[in-house]
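Data block below; observations after.
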Amino acid sequence: MIKEISHPILKDRLTLMRCKETSSKDFRQAVEEIATFMTYEIARDFPTKEIEIETPITKCTAQILADEFIVVPILRAGLGMVSGVLKVLPNAAVGHIGLVRDETTHKPIEYYKKLPPNISNKKILVVDPMLATGGSSSAALQMLKDAGAKNIIFVCIISAPEGIKKISEDHPDIPIYTAAIDDHLNENAYIVPGLGDAGDRIFDTL
């Protein structure tokens with residue numbers, strides 16, 4: 001399942017991210033704001049459960065989120081989305097998966113993995129600003145499945161049709177949420193029109 005989240009605020013922040021003149025500071029802020037807004041929209045589908053509480057006036061039945069959550073950024077660019085997600089899900093645990101793309105083969109190479117315990121019974125939001133070839137994202141999702149994860153959502157800001165196809169074929173059970181579906185990948189596997197290298201722009205390492 002692919003769901004493109006559309007909203008005037010998202011479009012405004014996406015334009016800021018795409019512009020090559022945008023500073024690293026403003027780019028980071030836009031990534032965080034988009035992650036917050038996307039998480040809020042995605043959470044519309046989250047189940048709730050009833051609990052008994054006592055207000056200052058009386059006892060009543062109220063609702064809370066039924067799931068426990070883990071946010072897993074794909075390093076390093078995914079780190080830029082974590083704080084935005086945690087603004088909506090402040091009690092979520094945070095795991096990390098480190099994958100780097102070989103610039104010649106464009107295939108992912110794992111260099112780090114640290115996950116919270118008991119991931120099999122928690123909802124996991126895997127975050128990465130860009131879904132390009134889908135190689136790194138697919139590998140990260142498989143790593144989580146191999147570790148026992150059963151309830152995974154993939155969240156990206158900008159996606160390419162090639163990456164969507166890759167994830168849909170490799171992991172048809174995992175929904176993809178994106179703020180924009182761009183046109184295609186160029187010969188260097190960059191998204192067009194895209195925004196360049198998200199990690200470099202977030203961390204000012206251009």
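What you see is a predicted model; the values in this text were computed from it and never measured. Excluded from the calculations below are hydrogen atoms, water molecules and symmetry mates; all remaining heavy atoms, backbone and side chain alike, are included.
For the atom pair CD of Q29 and CD1 of I202, the computed distance is 13.0 Å after rounding to the nearest 0.5 Å. Within the model, atoms CE of M81 and CG of L79 stand 11.5 Å from one another, a figure rounded to the nearest 0.5 Å. One finds the CD1 atom of I153 at 8.0 Å from the CG atom of D45 (value rounded to the nearest 0.5 Å). Distance CD1/I158 to CG/D128: 11.5 Å, rounded to 0.5 Å. Interatomic distance, D183 CG to I191 CD1, rounded to the nearest 0.5 Å: 11.0 Å. Atom CE of residue M143 and atom OG of residue S136 lie 10.5 Å apart, to the nearest 0.5 angstrom.
Distance alone, capped at 3.5 Å, places no donor-acceptor pair between the E162 side chain and the H184 backbone. Remark: side-chain polar atoms of N188 are not paired, donor with acceptor, to backbone N or O of Y190 under 3.5 angstrom. Looking only at distances, a side-chain donor or acceptor of R18 sits under 3.5 Å from a matching main-chain atom of G194.
The heavy-atom pair separating L75 from Y111 by the smallest distance is CB-OH, 3.3 Å. Residues I152 and A149 come closest through the heavy atom pair CD1-CB, 3.8 Å. Residues L99 and A139 approach most closely at CD1-CB, 4.2 Å, considering heavy atoms. Taking every heavy atom of both residues into account, L115 and A147 meet most closely at CD1-CB, 3.9 Å. Looking at every heavy atom in both residues, A198 comes nearest to P129 through CB-CB, 4.0 Å. Shortest non-hydrogen contact noted between R201 and M17 is NH1-O, 2.7 Å.
Follow the hydrophobic side-chain contacts under 4.5 Å out from F46 and you never reach I174; the two are in separate clusters. Side-chain heavy atoms closer than 4.5 Å link hydrophobic residues (I, L, V, M, F, W, Y) into clusters, and following such links, possibly through other members, connects V88 to V127. Under the 4.5 Å side-chain heavy-atom criterion for ILVMFWY residues, no single connected hydrophobic cluster contains both I164 and M1. Under a hydrophobic-cluster definition in which Ile, Leu, Val, Met, Phe, Trp and Tyr are linked whenever side-chain heavy atoms come within less than 4.5 Å, directly or via other members, L10 and I181 are assigned to different clusters. Hydrophobic clustering (side-chain heavy atoms under 4.5 Å, transitive across Ile, Leu, Val, Met, Phe, Trp, Tyr) groups I167 together with V72.
For residues 141-155, the set of pairs meeting the salt bridge (charged side-chain N to carboxylate O under 4.0 Å, His left out) definition, not counting sequence neighbours, comprises K145-D173. Judged as a side chain to side chain donor-acceptor pair (under 3.5 Å), the pairs with a partner in residues 2-13 (not counting sequence neighbours) are, in order, R13-E33.
Electrostatic pairing of D67 and K49 does not count as a salt bridge here, judged by no charged N lying under 4.0 Å from a carboxylate O. Look at E110 and K113 and you find no salt bridge, because none of the NZ, NE, NH1 or NH2 atoms lies under 4.0 Å from a carboxylate O. Checked for salt-bridge contact, D200 and R76 meet the test: a charged N lies under 4.0 Å from a carboxylate O. A salt bridge links D170 with K166; the closest basic N to acidic carboxylate O contact falls under 4.0 Å. With respect to the salt-bridge test (charged N to carboxylate O, under 4.0 angstrom), the residues K165 and E169 qualify.
A heavy-atom distance below 4.5 Å is not found between the side chains of T205 and D197. Side-chain contact between S137 and I74: present, with at least one pair of heavy atoms (C-beta onward) separated by less than 4.5 Å. Within the 4.5 Å cutoff, the side chain of I34 has no heavy atoms near those of the I9 side chain. Using a 4.5 Å cut-off on side-chain heavy atoms (C-beta onward), P175 and F154 make no contact. The closest side-chain heavy-atom distance from I53 to C60 is below 4.5 Å. Annotation: side chain of L125 is in contact with side chain of V85 (closest heavy-atom distance under 4.5 Å). Counting heavy atoms from C-beta on, the side chains of F27 and D204 never come closer than 4.5 Å. Inter-residue side-chain proximity for V71 and I124 is flagged as unmet; no heavy-atom pair is nearer than 4.5 Å.
Enclosure of atom CZ in F203 by more than 12 non-hydrogen atoms of other residues, nucleotides or ligands within 6.0 angstrom is indicated. When the shell of 6.0 Å around NZ of K122 is examined, it contains more than 12 heavy atoms from other residues, nucleotides or ligands. Other residues, nucleotides and ligands place no more than 12 heavy atoms under 6.0 Å from the CD atom of E68.
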Decide side-chain contact (heavy atoms from CB on, under 4.5 Å) for L144 and I97; before the verdict, give the C-alpha distance in whole Å, the side-chain angles of both, and the deciding distance to 0.1 Å.
CA-CA 9 Å; L144 287 166; I97 289 180; 3.9 Å; yes
Would V94 and I70 count as a side-chain contact (heavy atoms from CB on, under 4.5 Å) here? Give the steps.
CA-CA 5 Å; V94 181; I70 301 174; over 6 Å; no
Could you go step by step and tell me if R28 and S24 meet the side-chain contact (heavy atoms from CB on, under 4.5 Å) rule?
CA-CA 6 Å; R28 281 196 300 268; S24 180; 2.9 Å; yes
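In the model, E52 has a side-chain atom that pairs as donor or acceptor with a side-chain atom of T61 under 3.5 Å.
Screening L131, I5, I2 for a side-chain contact (heavy atoms from CB on, under 4.5 Å) with T178, the sole residue that qualifies is I2.
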